[in-house]
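Just below is one structure, and these are the notes that go with it.
For ligands, and for the atoms within them, numbers begin at 1 and follow the listed sequence.
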Amino acid sequence: MSHWLQIVVATPAHSAIAGPLTYRSALLLRPGTLVRVPFGRREVLGVVWQVLPDSGGMPEASIRDIAGVLDGLAPLSSTWRRLVAFTAGYYQRSLGEVALAALPPQLRDLTTLQLTRRLKRTVVDTSHPQDTTDLIALSAQQACAIAEFDAETSEKQRPALLFGATGSGKTEVYLRAAAKVLEQDPEAQVLVMVPEINLTPQLQARFEARFAHLGRERVVPMHSGLTPAQRLKGWLAAHSGQARLVLGTRMAVFASMPNLRLLVVDEEHDPSYKQQEGARYSARDLAVYRARLETRDREHPHGACRVLLGSATPSLESWQATIVGRYQRLNMNERIGASPAGQPGGLPTVRRVDMNHQPKHCVIAPPLLAAIGERVARGEQSMIFLNRRGYAPVLACHDCDWKSDCPHCSAYRVFHKIDRTLRCHHCGFTERVPRACPSCGNIDIAPVGRGTERLEEHLAELLANVTRPDGGPVRIARIDADSTRLKGSLESQLASVHAGEVDVLVGTQMIAKGHDFRHITLVAAINTDSALFSSDFRAPERLFSLLMQAAGRAGRDAQRSAASEMWVQTFHPDHPLFEALKRHDYPDFAEQQLAERQAAGLSPFGFSALIRADAKTQEVAQGFLNAAAEAAQTQQLPGHAHVMAYPAVPMTIQRVANIERAQMLVESPSRKALQGFLAAWQPLLFETRRQAEFKSLVRWAIDVDPIAI
Ligand code: ADP
Ligand code: ZN
Ligand code: ZN
């Protein structure tokens, strides 16, 4: 007897086969079962999606048999399948692409024997009584936040947003919320997501220590830095229910967790929760959606699956949701151990340096330099951040105006002095610095502008006469993508900062995020103005959160917090963004921004998608987008009356690696109208792409809820 199954496999995103494929099986398999199936000449991993009553009219001879079942593995839950199907639909990608990208590739090669062995090896190990010795007493605000989170009784158990200042102890709240869920129900599972796991090994250690009493390997990591074998191991542990807590990056939102009861999204505003290729999903948004599915789809003995978002500078989308009451808001505005005499909540004093009144071309204003010098002399640490790595953003000849353009991109190549190269940060094209100007032969070519490498060098000169309390010279270190290229180098550099072996730390936003530096009493942002007047409406939101995060690095040690400072150099000291920053007043900043966005119909008051196209010429890239929009117009697609498609434009960096890039913005005040429109538009985009004039199109993609416009 044969059974007909619809099976999802990893179909290429833009192939004609978007949905599941039909296969035959001698065994009746449940939806969610993992199988191996022939696909072309290969054998691939597949997920049974649906059982068909018959062969659906297809000639039976053309239907292939499945190759095998990964027996021993429980089927993927219906909630998981619904999450995947929703993601594919909402972000306009194929089901197979989303489903298979959410599974560890090594699953395919797993034999039943290996599987049985693996599952055996992970037998429960009961040792470890609960270790309560390191349980710290909660602050009043932490206790209150937890009590409110638990007290949420409304039918739906709304998502909660923990609005907590940097250093207010959000992690402890996550730990307590997780502990409660895990203790109430011996099968319950918790998912904790962080934006960049490589920056937070501290966090993993804390969760492991806190939940050590649950047994070995109950806390598993899930992120792209793992080896395929580690990833498989963690996935299996989560899927089998063995792992009680998964700690991961955005990809972890798809972890198969049969008893998921709580999702935590730390730093929920962070742009890295948005996947920037393939299915461009927002893991934050999917976490909220998944919690709702988990609640609705299963009957839990202990009620709903909750989601807890946390941030000192929430995304304006989440913040607005708390204003209208869709999300519950939990407030913690004070730092742990803040002295009431200091700044509000124990946060550093913000000093704005008006660069209009500083010596021309100075990089570090004299008062800031003096403040750094004082810190060094007192044995305290300073952190200076600049969002530009390399030595100088461009090398130029002042005789003929030659500049170090990248021949393949519409961008300059950055001068890296350390190995005397010109490197394109977009396509990677690298060359030795020429001895003389390639255009006129002038040997006097000079760096223009400043990156972290040059800043480090410059600071060393400026602070040459400053001595540390022990009489030694100032020690400057730099942390950015270049200095941390080698595996383990970030960890060792961070360790030396923590150990107090560095007086001045220079770096990019990498150092502004998350680290619990104890001895830093001064933080400075030396060049931030470009974001104030960017064409991207989210630029001020990103700048504000970055500055608040950076400020959060200073004065974490309560004894020093009173004297800690955050310096910002700007030509626009009166800008309302800096006024709000000075008061550490996120709600005020959010109010300004939300008013502007409401007036302009921007997120969260309006919804948008970008359609991007890459081609050999702008003409083809833009032509494709405009033609597809015209086709949509002619065919009066569903929702079109409420959707506005703007003409195609070149992207800000319009050429990368010799490919011209264009984009088209599509907006609507209604999410539903936009969704309907995009779904109906997709086939037209495929059709347009097949036209002869767009043959040279390289690729196109839809980005729903884009985070950079
Ligand atoms: P946030 O994530 O809100 O910036 P953290 O969770 O990193 O803050 O907490 C800041 C510091 O305060 C950490 O070193 C943490 O161990 C400590 N901490 C948190 N809660 C407490 C508490 N109740 N008592 C003492 N120290 C605490
Ligand atoms: Zn020249
Ligand atoms: Zn380039």
Side-chain angles (χ1 to χ4, degrees), residues 134-146 162-177 192 194-195 199-200 202-203 205-207 209-210 264-268 270 308-314 330-338 345-347 394-414 422-431 434-446 498 512-519 545 548-558 561 653-659 661:
D134 66 340
L135 272 192
I136 37 180
L138 292 177
S139 74
Q141 289 197 331
Q142 283 171 326
C144 185
I146 291 165
L162 177 59
F163 171 50
T166 49
S168 61
K170 292 188 284 295
T171 312
E172 188 60 33
V173 175
Y174 306 149
L175 281 161
R176 298 289 175 115
V192 177
V194 292
L199 294 179
T200 50
Q202 289 177 1
L203 195 62
R206 264 177 91 179
F207 276 92
R210 183 65 63 91
V264 173
V265 185
D266 188 24
E267 309 290 1
E268 64 90 32
D270 198 290
L308 176 59
L309 314 175
S311 176
T313 52
L330 313 167
N331 296 303
M332 299 201 305
N333 62 356
E334 274 179 14
R335 274 186 161 181
I336 296 289
L347 289 161
V394 53
L395 206 60
C397 164
H398 294 294
D399 275 4
C400 76
D401 231 15
W402 171 85
K403 288 191 177 62
S404 56
D405 312 89
C406 174
H408 311 297
C409 306
S410 52
Y412 294 124
R413 275 176 300 164
V414 175
L422 289 177
R423 274 189 239 160
C424 175
H425 288 184
H426 300 281
C427 73
F429 181 63
T430 303
E431 273 183 335
R435 280 178 198 289
C437 169
S439 133
C440 75
N442 170 21
I443 53 162
D444 200 14
I445 45 177
H498 288 298
K513 287 187 188 179
H515 302 291
D516 196 2
F517 296 125
R518 310 303 301 189
H519 310 296
S545 89
M548 289 279 279
Q549 291 242 10
R553 298 313 114 216
R556 291 200 147 226
D557 185 334
S561 71
I653 296 181
Q654 94 172 52
R655 190 166 47 102
V656 169
N658 294 318
I659 299 289
R661 312 188 306 161

Worksheet item: Stepwise, does the side-chain contact (heavy atoms from CB on, under 4.5 Å) test hold for R435 with I445?
Response: CA-CA 8 Å; R435 280 178 198 289; I445 45 177; over 6 Å; no

Worksheet item: Going by heavy atoms in the side chains, are Q141 and N331 under 4.5 Å from each other?
Response: no

Practice prompt. Report the part of R518 in contact with ligand 1, treating N, CA, C, O as backbone and CB onward as side chain, heavy atoms under 4.0 Å; options are side chain, backbone, both, neither.
Written response: side chain

Worksheet entry | Under-4.0 Å heavy-atom contact with ligand 1, by part of S139 that carries it | backbone

Item to complete: Would you give the angle at the Zn ion (ligand 3) between C427 atom SG and C424 atom SG, to the nearest 10°?
Response: 110°

Discussion item. Closer than 4.0 Å and a protein heavy atom, does any atom meet both conditions relative to atom 25 (C) of ligand 1?
Written reply: yes

Worksheet item: Do H408 and R413 pass the side-chain contact (heavy atoms from CB on, under 4.5 Å) test, and can you show the C-alpha distance, the side-chain angles, and the key distance before you say yes or no?
Response: CA-CA 10 Å; H408 311 297; R413 275 176 300 164; over 6 Å; no

Worksheet entry | Opening angle between SG in C440 and SG in C437, taken at the Zn ion (ligand 2), to 10 degrees | 110°

Worksheet item: Which one holds for I136 and ligand 1: side chain close, backbone close, both close, or neither close, with close meaning a heavy atom under 4.0 Å?
Response: side chain

Fill in: For ligand 1, the portion of R335 having any non-hydrogen atom under 4.0 Å away
neither

Discussion item. For a 4.5 angstrom cut-off between non-hydrogen side-chain atoms, does D270 reach V194?
Written reply: no

Discussion item. Please state which option from K170, E172, R206 has its nearest heavy atom closest to atom 15 (C) of ligand 1.
Written reply: R206

Worksheet item: At under 4.0 Å between heavy atoms, which part of A312 makes contact with ligand 1: side chain, backbone, both or neither?
Response: neither

Worksheet item: So, R335 side chain and A165 main chain: donor-acceptor pair closer than 3.5 Å or not?
Response: no

